[in-house]
There are 2 protein chains.
Amino acid sequence: MKQNKKPSRLSKAIVEMAKDMRSGDMVDEETYKKITSRHLGLKEKVDVETLTGDDIRAMREQAHMSQSVFAHYLNLTADYVSKLERGLKHPKGPALVLLNVIHRKGIETITG
Amino acid sequence: MKQNKKPSRLSKAIVEMAKDMRSGDMVDEETYKKITSRHLGLKEKVDVETLTGDDIRAMREQAHMSQSVFAHYLNLTADYVSKLERGLKHPKGPALVLLNVIHRKGIETITG
DNA sequence: GTAATTATAGTACCATAAACTATAGTTGCA
DNA sequence: TGCAACTATAGTTTATGGTACTATAATTAC
């Protein structure tokens, strides 16, 4: 298991700077350093919440889509969506991240 | 599954209306019907492009992240990202959609 | 009526993705 | 300088997320 080490003061500044520049779009892409896990205090924990079947169903109904249509946009099968909503399967990895994006920012993020 | 109230015969207009209302944000969520695959003429084709290893590497470098950090945000392993970039593995399903979102809308979509 | 949907259900199965190891080059810090 | 910790590649093995298949009941459009 990895140690989540203390992020150094300089490293932390780099990350913040990179973030500002990137979002502000004021500096060209090549001027700032690459963000490595040395800079971020990367721990094992990922900032995604585990969504329950009810959560997923609520998201889908909020989007007013059938399982089939919802699955289509997520590049999944309707079959699998049904299983997710009933708690028979649990999304992990990239699928979980994708569902989190929809949950936080809406389905338009991927449809539009 | 209970449907809202009156069964209406209009089908095609509903989708357009729903789309307008959703984007316009003028009508509450419960007033329009659910979008089903009967309304959308959707079959097998998903609107995601297959990304090459070089594409993925370019995306990561544009985000100025190491494979490790990039993988972290996508909820993947650095190992797998390496294989994707070298073309040893090919993303499909939800992973492909997620990469497409990043490709079209930027990494901030999932980091922020 | 009836044909095409939606949703659930159970099983079998495969490729993605993880886990593990190892190697070589690079970077940060004392 | 030295060295620890990182990045990236590489090969092999393993596990499970997600698919495919089939079937049933209820709903909806024509």
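Every chain is numbered from 1, with letters handed out A, B, ... down the list of sequences. Note that this is a predicted model, so its numbers are computed, not measured.
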request  = Whole angstrom is fine here: how far is it from NZ in B:Lys92 over to P in C:dC14?
outcome  = 13 Å
query = Considering only heavy atoms from C-beta outward, does the side chain of A:Arg57 approach that of A:Gln67 to under 4.5 Å?
reply = yes
inquiry  = For B:Asp79, give me all partners under side chain to side chain contact (heavy atoms under 4.5 Å, CB included), at least two apart in sequence or on another chain.
reply    = B:Thr77, B:Lys83
ask   = What's the shortest heavy-atom distance between A:Arg60 and A:Met65, and which atoms?
value = NH1-O, 2.9 Å
task = Check whether any side-chain N or O of B:Thr77 sits under 4.0 Å from OP1 or OP2 of C:dA18, and answer yes or no.
result = yes
key: B:Leu76 CG - C:dA19 P separation (whole Å)   = 11 Å
Integer-rounded Å distance: D:dG17 P and A:Ile56 CD1 = 13 Å
query = Taking the side chain as C-beta and beyond, is there a heavy-atom pair between A:Leu99 and A:His103 under 4.5 Å?
reply = no
remark   = Angle separating the five-pair end axes of the helix from C:dG1-D:dC30 to C:dA30-D:dT1, nearest 10°, is 60°
inquiry  = Is there a side-chain contact between A:Lys92 and B:Asn75 in this structure, where contact means two heavy atoms from C-beta onward sitting under 4.5 Å apart?
reply    = no
task = Please examine the side chains of B:Tyr73 and B:Ile102, heavy atoms only from C-beta on, and report whether any two atoms are closer than 4.5 Å.
result = no
request  = Starting from P on D:dG17, measure out to CG on A:Asn75 and report it in whole angstrom.
outcome  = 18 Å
ask   = Within this structure, what is the CG-to-P distance between A:Leu99 and D:dG17, rounded to whole angstrom?
value = 14 Å
query = Could you give the CG-to-P distance, from A:Leu74 to D:dG18, as a whole number of Å?
reply = 11 Å
task = Report the distance from atom CG of B:Leu51 to atom CD of B:Glu85, rounding to the nearest 0.5 Å.
result = 12.0 Å
inquiry  = What I'd like to find out is whether the side chain of B:Phe70 reaches to under 4.5 Å of the side chain of B:Leu76, using heavy atoms alone.
reply    = no
inquiry  = From CG of B:Leu96 over to P of D:dT19, roughly how many Å is that when rounded to an integer?
reply    = 12 Å
note = In short, B:Thr50 meets B:Leu96 closest at the heavy-atom pair CA-CD1, 4.3 Å
key: Heavy-atom protein contacts under 4.0 Å, nucleotides 9-15 of chain D, coded B base, S sugar-phosphate only, - none   = BBBB---
request  = Take the protein atom CG of A:Leu84 and the nucleotide atom P of C:dA7, then report the distance between them rounded to whole Å.
outcome  = 14 Å
